[in-house]
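Starting from 1, each residue takes its place in the sequence as its number. For ligands, and for the atoms within them, numbers begin at 1 and follow the listed sequence.
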Amino acid sequence: MPERKKPIKLYMVLPCYNEEEVLQSSAETVLRLFDDLIKKAEIKKGSRILFVDDGSKDGTWEIISRLHEKDRRFCGIRLSKNKGHQIAIYAGMNYAVDRGCDCVVTIDADLQQDIEALPDFLQKFREGNDIVYGIRDSRNTDRFFKKTSATIYYKAMRLLGCNLVEQSADYRLLSARAVRSLSSYKESNLFIRGLVPEMGYQSDVVYFHVREREAGTSKYTLKKMLTLALDGITSFSITPIRWVILLGLIVFLISIVMMVMTLIDHMRNVTVPGWSTLTISIWFLGSVQLLSIGIIGEYVGRTYMEAKNRPRYFISDITGESDD
Ligand code: UDP
Ligand code: MG
């Protein structure tokens with residue numbers, strides 16, 4: 001793969017959901033780095049810092065509009081409602097590619113991921129990689145719960161047959177070509193972290209440092225985290241359904257053993273009250289069945305959602321349409 005030429009037309013994509021507290025300072029930090037990179041002729045003047053307002057309910061959009069008024073390198077799109085982090089970055093990346101950029105880098109609006117690693121990403125891109133993953137060098141800033149759950153999750157995903165790049169968050173660079181390929185996956189349950197390695201383009205990694213959030217609180221509620229985890233599992237693996245079959249098989253074997261034991265008892269004329277055996281069996285079988293139906297239902301439900309083929313998002317507002 002030949003080296004790509006400098007300067008690069010870069011779009012930074014920052015998803016924002018109720019981020020009014022950090023947005024201003026994050027914007028300044030990114031712009032400072034941008035200035036520096038433009039001066040060094042690493043990136044083109046036409047590069048942009050794109051905010052994706054994921055249906056915020058606070059003053060986020062007003063801040064984005066004001067930033068755009070002050071400096072045209074800031075621009076923003078606003079989704080018509082809160083669609084979640086994954087859809088927000090997806091929308092931003094596609095918008096950026098439609099505007100003819102060479103590559104996009106996604107980073108959280110709270111800049112917990114170290115923006116100073118950006119030149120490394122660009123370097124790897126120039127070396128010919130279509131995908132550059134940001135890998136966190138430690139999880140020291142995460143609380144114990146998040147740290148442990150994330151580790152278990154990555155292990156579980158691997159077991160289920162989805163090769164995620166471990167400890168990689170959504171801080172990554174994608175070439176325009178990779179973004180176009182990503183959008184050719186038509187599933188509405190979009191699990192970007194799984195799909196990116198799946199595409200198979202040449203990739204590399206960059207290590208970065210994670211910081212504490214400067215202001216505001218985490219917008220990733222437990223519910224959103226669980227949904228993301230479940231989306232990942234169900235969109236990449238039908239192993240849980242196979243487990244149901246295995247479970248059924250095991251329970252079947254146990255029931256045969258029980259049958260034989262009962263028959264022997266019967267023939268030996270041992271009058272067992274039998275109450276406990278019965279009760280345990282009923283509860284056990286009942287729960288196994290409910291669990292199995294639940295797992296299958298989860299897949300059926302998702303098939304239903306996919307069958308509808310609904311649009312993923314709508315953009316309700318755009319700043320800076322005309323300046324390029
Ligand atoms: N985010 C979003 N939509 C959501 C939730 C979060 O666009 O529904 C954005 C949020 O504004 C931030 C990024 O996703 O830029 C990561 O969220 P956050 O920092 O709250 O998560 P954490 O760092 O705690 O995992
Ligand atoms: Mg954060």
Taking atom NZ of K39 as the centre, does the number of heavy atoms from other residues, nucleotides or ligands within less than 6.0 Å exceed 12? no
Numbered atoms of ligand 1 (with element) below 4.0 Å of K224, judged on heavy atoms: 4 (C), 5 (C), 8 (O)
In the protein, which heavy atom is nearest to atom 10 (C) of ligand 1, and how far is it? E19 OE2, 3.2 Å
For atom 20 (O) of ligand 1, grab the closest protein heavy atom and report residue, atom and distance to one decimal in Å. K219 N, 2.3 Å
Any idea which protein heavy atom is nearest atom 16 (C) of ligand 1, and the distance to it? D108 OD2, 3.3 Å
Would T217 count as being in polar contact with ligand 1, using the rule that some N or O on each side must be under 3.5 angstrom apart? no
When you check the gap from the basic side-chain N to the acidic O, do D130 and R177 get nearer than 4.0 Å? yes
Is the charged tip of R302 near the ring of Y304: under 6.0 Å from the six-membered ring centre and within 45° of its axis? no
Which of the numbered atoms in ligand 1 are below 4.0 angstrom from a heavy atom of N82? 3 (N), 4 (C), 8 (O)
Salt-bridge contact D98-R180 (side-chain N to carboxylate O under 4.0 Å): no
Any salt bridge linking K124 with D120? Criterion: basic side-chain nitrogen under 4.0 Å from a carboxylate oxygen. no
Please note down the angle at the Mg ion (ligand 2) between OE1 of Q112 and OD2 of D110, to the nearest 10°. 100°
What is the closest protein heavy atom to atom 24 (O) of ligand 1, and at what distance does it sit? S218 OG, 2.6 Å
Under the criterion side chain to side chain contact (heavy atoms under 4.5 Å, CB included), which of I43, L31, L118 is the partner of M12? L118
Protein residue, atom and distance nearest to atom 23 (O) of ligand 1, heavy-atom basis: Q112 OE1, 2.6 Å
Quick check on contacts: which atoms of ligand 1 are under 4.0 angstrom from a heavy atom of A109? 15 (O)
Residue pair R78 / S316, side-chain donor-acceptor N/O under 3.5 Å: no
Among all protein heavy atoms, pick the one closest to atom 18 (P) of ligand 1 and tell me residue, atom and distance. R213 NH2, 3.5 Å
K219/D54 salt bridge by N-O under 4.0 Å criterion: no
Is P15 close to ligand 1, meaning an N/O of one under 3.5 Å from an N/O of the other? yes
Protein contact of atom 17 (O) of ligand 1 - nearest heavy atom, named by residue and atom, plus distance: Y220 CD1, 3.7 Å
Test the R4-F125 pair against the cation-pi criterion, namely NZ or CZ under 6.0 angstrom from the six-membered ring centroid and within 45° of the ring axis. yes
Atom 3 (N) of ligand 1: the protein heavy-atom neighbour that sits closest, reported with distance to 0.1 Å: D54 OD2, 2.6 Å
